[in-house]
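Because the structure is predicted, anything quoted here is derived from the model rather than measured. In what follows, every heavy atom counts, from backbone to side chain, and hydrogens, waters and symmetry copies are set aside. Start at 1 with the first residue, then count along the sequence.
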Amino acid sequence: MRPDGEHRKWLSATDPDLWRRVVEQLDKAVAVTDPAGRVVAVNPAAARLLDRPATAMHGQDLHDLCHRDPAGARIPREHCPLLRAAAGARSARGDDWWLRGDGRLVPVSWSATPLIRDGVLQGMVVLVAGTTADRCAHGERSAPAERADRTDQADRTDQAERAARTSALESLAERLTLVAEITDVLGQTLEVDEALARLSRLLVPRLADWAAVDLLAGPRQVHRVAVTGPEGRDAGQEDWHGQLPPPAGEASASPLVRVLHGGAPVLQERAGAGVLPGSPLAAVHSAFLTATGAASVITVPLGTRRQVTGALTLVRTDPARPFGTGDLEVAGDIGRRVGLVIDNARRFGRQREVAEAMQHNLLAPLPGHGRVQLAARYQPAPAGSQVGGDWYDAFTLRDGTLALVIGDVVGHDLTAAAGMAQLHGILRSLTWDHAGPTGAVVDRLDSAMHAITTVPMATLVLARLEGPDTGPWTLYWTSAGHPPPLLLTPDGNAQYLEAGQGLLLGTQFGGAQRPTAAHALPAGSTLLLYTDGLIEVPGSDLDTGFRRLRRHALALAEESLDTLCDQLSARVPAGSTDDIALLALRLPGAP
């Protein structure tokens, strides 16, 4: 059986370059399994220790392949501590006998750490080391009787070596897991503030007691945007946020100044010892380290040496637990990843601003139409998502009736926004002097869409409001795969107008014509046209979204149209990843 493809995808997402540099060059055996215990990857050291080619182990059950008792017999799966640890998504360690490819048993110490994403177990990292018993055997198979003849001194030496080796393996596993978790959480957002907040929660206290992030806002502007310390910290020590002095003095002895000028990561084993601040920035940073009681400090650039976006400072306050070179390497890798996220976020922000401006400019102003009131809103998707192709429109036709449009072009980028503009213009042209059914207009738009636009697929509602200024009024409409309009009446009722449904635009199913529905609108009623961003929230079904919109609309029915639109947009639950277009119409009340 081959390993599950999703776990291979996860493994590659954690940065194949990190796996090659850190794991494949490691002299300790490392194996990665999926949640069921099947081998996803092993490094060369594991292949040597177990005398098995890496390709032969891929997809094999690690317990069945290697785990044995001292006599070489298979161990029941329910007695395997590694499988129990995987089942409980927890760390574990142990001393066992493993079977090599040449048939020889080797005594090993192992440490396993779960890999968890979004609360779901993705697999286990297992670090394995041969013990002194294996070295003493010189390639011969050890037996229980031989092990019983060891001297007490050899036992103590073996136990000490085993404890030290296991501790080192656990430390390495924790650092690798930390980098994997940071990669995962940073990939979930394009908001700088949110990314840095998530980063700080992972770094403190797992890697450091304090963490500070400084960003370059220009050649001579440095902002300390995040300071995180241990629980119960002095709140006054969080006042180090804000603008810092410029990073003058490239040759400064201050690690922070050097890193901001493109210098390599720095490990200070004795923070501040013998270093005199050579610039205002160095002096401020030195005061920060003194206030936190820094005993050991790591300072790494965010980004690459060619393009530094800031610096990450990690502080440990316990002299008995200083940073090591392994911590420096991990911190440097984290800094590169964070710098990439910040750079992407800034680029995305510029693109988003352009897209939002373009989309708002493409949405035409609402017309005046007698005593009929109109209001509309466009709300971009939450930060971290892209501008989409939602739009609304309202305009007076040649015969004096009012046309209403709400639509959504497939996609969430500038292409979708541009496609929206194309459909917007074409639909206005097709509708302007066409007094026939709305279904016929939508059919004409569907026929022309692939020939004169770049839009692959879209939904919309096209409606006509017919009737004199004093009423009565009738709404005629056609829906091309779009959520139904919501009608609020003065008697306190709310109903979705579900008639008039047809295929969405772009399906290219010829033949059947789209229907045109009709419904009388009472005086004083309110009609809502909206896109699916108002009702769709990840993790919630559509029926729940429809019920929520109906409940909120009824609660706001007596408010002005502007308040109604603002509040409906604001009440969308957290987690929405789509933009929202909303068009509201209110008829005058009965005379």
Using the test side-chain hydrogen bond (donor to acceptor under 3.5 Å, both in side chains), find all partners of Asp541 that sit at least two apart in sequence or belong to another chain. Thr544
Does the pair Val128 and Trp98 meet the rule for a side-chain contact (heavy atoms from CB on, under 4.5 Å), with working shown? CA-CA 10 Å; Val128 189; Trp98 285 25; 3.8 Å; yes
From CZ (Arg90) to OG1 (Thr113), nearest 0.5 Å: 12.0 Å
Beyond-backbone contact of Val284 with Arg224, side-chain heavy atoms, under 4.5 angstrom: no
Residue pair Val222, Leu216: steps toward the side-chain contact (heavy atoms from CB on, under 4.5 Å) verdict: CA-CA 5 Å; Val222 181; Leu216 288 169; 3.8 Å; yes
Residues Val266, Leu328; criterion side-chain contact (heavy atoms from CB on, under 4.5 Å); working and verdict: CA-CA 8 Å; Val266 179; Leu328 182 65; 6.0 Å; no
Could you report the tightest heavy-atom contact between His58 and Ala41, atom names first, then the distance? NE2-CA, 3.9 Å
Parallel, tilted or perpendicular, judged at 30° and 60°: which one describes the rings of Phe288 and Trp210? perpendicular
Rounded to the nearest 0.5 Å, how far apart are CD1 of Ile298 and CD of Glu329? 11.0 Å
Test salt bridge (Lys or Arg N to Asp or Glu O under 4.0 Å) applied to Arg38 and Asp64, step by step: CA-CA 10 Å; Arg38 294 186 297 267; Asp64 292 343; over 6 Å; no
Val300 and Ala331 have their tightest heavy-atom pair at CG2-O, 3.5 Å
Kindly indicate whether the side chain of Ser296, heavy atoms from C-beta on, has any atom under 4.5 Å from the side chain of Leu267. yes
Kindly say whether Ile75 contributes a backbone atom to a donor-acceptor pair with the side chain of His63 at under 3.5 angstrom? yes
Quick one, Val204 and Asp209 - any side-chain contact, counting heavy atoms below 4.5 Å? no
Between Pro114 and Ala89 the two heavy atoms that sit nearest each other are CG-O, 3.6 Å
Quick one: list whatever passes salt bridge (Lys or Arg N to Asp or Glu O under 4.0 Å) with Asp532, sequence neighbours left out. none
Side chains of Leu314 and Thr299: closer than 4.5 Å at any heavy-atom pair? no
In short, Leu207 meets Phe323 closest at the heavy-atom pair O-CE2, 3.3 Å
Test side-chain contact (heavy atoms from CB on, under 4.5 Å) on Cys66 and Gln60; report intermediate values, then the result. CA-CA 10 Å; Cys66 298; Gln60 298 295 316; over 6 Å; no
Within the distance-only criterion (no hydrogens, no angle test), does the side chain of Ser540 pair as donor or acceptor with the backbone N or O of Val537 below 3.5 angstrom? no
Please identify each residue that fulfils salt bridge (Lys or Arg N to Asp or Glu O under 4.0 Å) with Asp96, with sequence neighbours left out. none
Is any side-chain heavy atom of Val30 less than 4.5 Å from a side-chain heavy atom of Val126? no
Would you compute the distance between atom CG of Leu260 and atom NE2 of His285 and round it to the nearest 0.5 angstrom? 9.0 Å
Pairwise distance NE2(His67) to CG(Leu62) - rounded to 0.5 angstrom: 9.5 Å
Shortest non-hydrogen contact from Ala36 toward Leu83: O-CD2, 4.3 Å
Report yes if the side chains of Asp95 and Pro107 come closer than 4.5 Å at any heavy-atom pair, otherwise no. no
Who are the salt bridge (Lys or Arg N to Asp or Glu O under 4.0 Å) partners of Asp102, not counting sequence neighbours? Arg100
Which residues pass the side-chain hydrogen bond (donor to acceptor under 3.5 Å, both in side chains) test with Asp61, sequence neighbours left out? Arg77
In Å, rounded to the nearest 0.5 Å, how long is the span from CG of Leu302 to CG of Asp214? 8.5 Å
Please list all pairs meeting side-chain hydrogen bond (donor to acceptor under 3.5 Å, both in side chains) that have one or both residues in residues 78-89, counting only residues at least two apart or in different chains. none
If you take all heavy atoms of Val315 and Ala208, which pair is closest and at what distance? O-CB, 3.5 Å
What I'd like to find out is whether the side chain of Arg93 reaches to under 4.5 Å of the side chain of Ser109, using heavy atoms alone. no
Val40 vs Thr33 side-chain heavy atoms within contact, under 4.5 Å: no
What is the distance from atom CH2 of Trp110 to atom CG of Leu127, rounded to the nearest 0.5 Å? 11.0 Å
Chi angles and distances behind the salt bridge (Lys or Arg N to Asp or Glu O under 4.0 Å) call for Asp327, Arg316: CA-CA 11 Å; Asp327 299 311; Arg316 283 185 180 172; 3.7 Å; yes
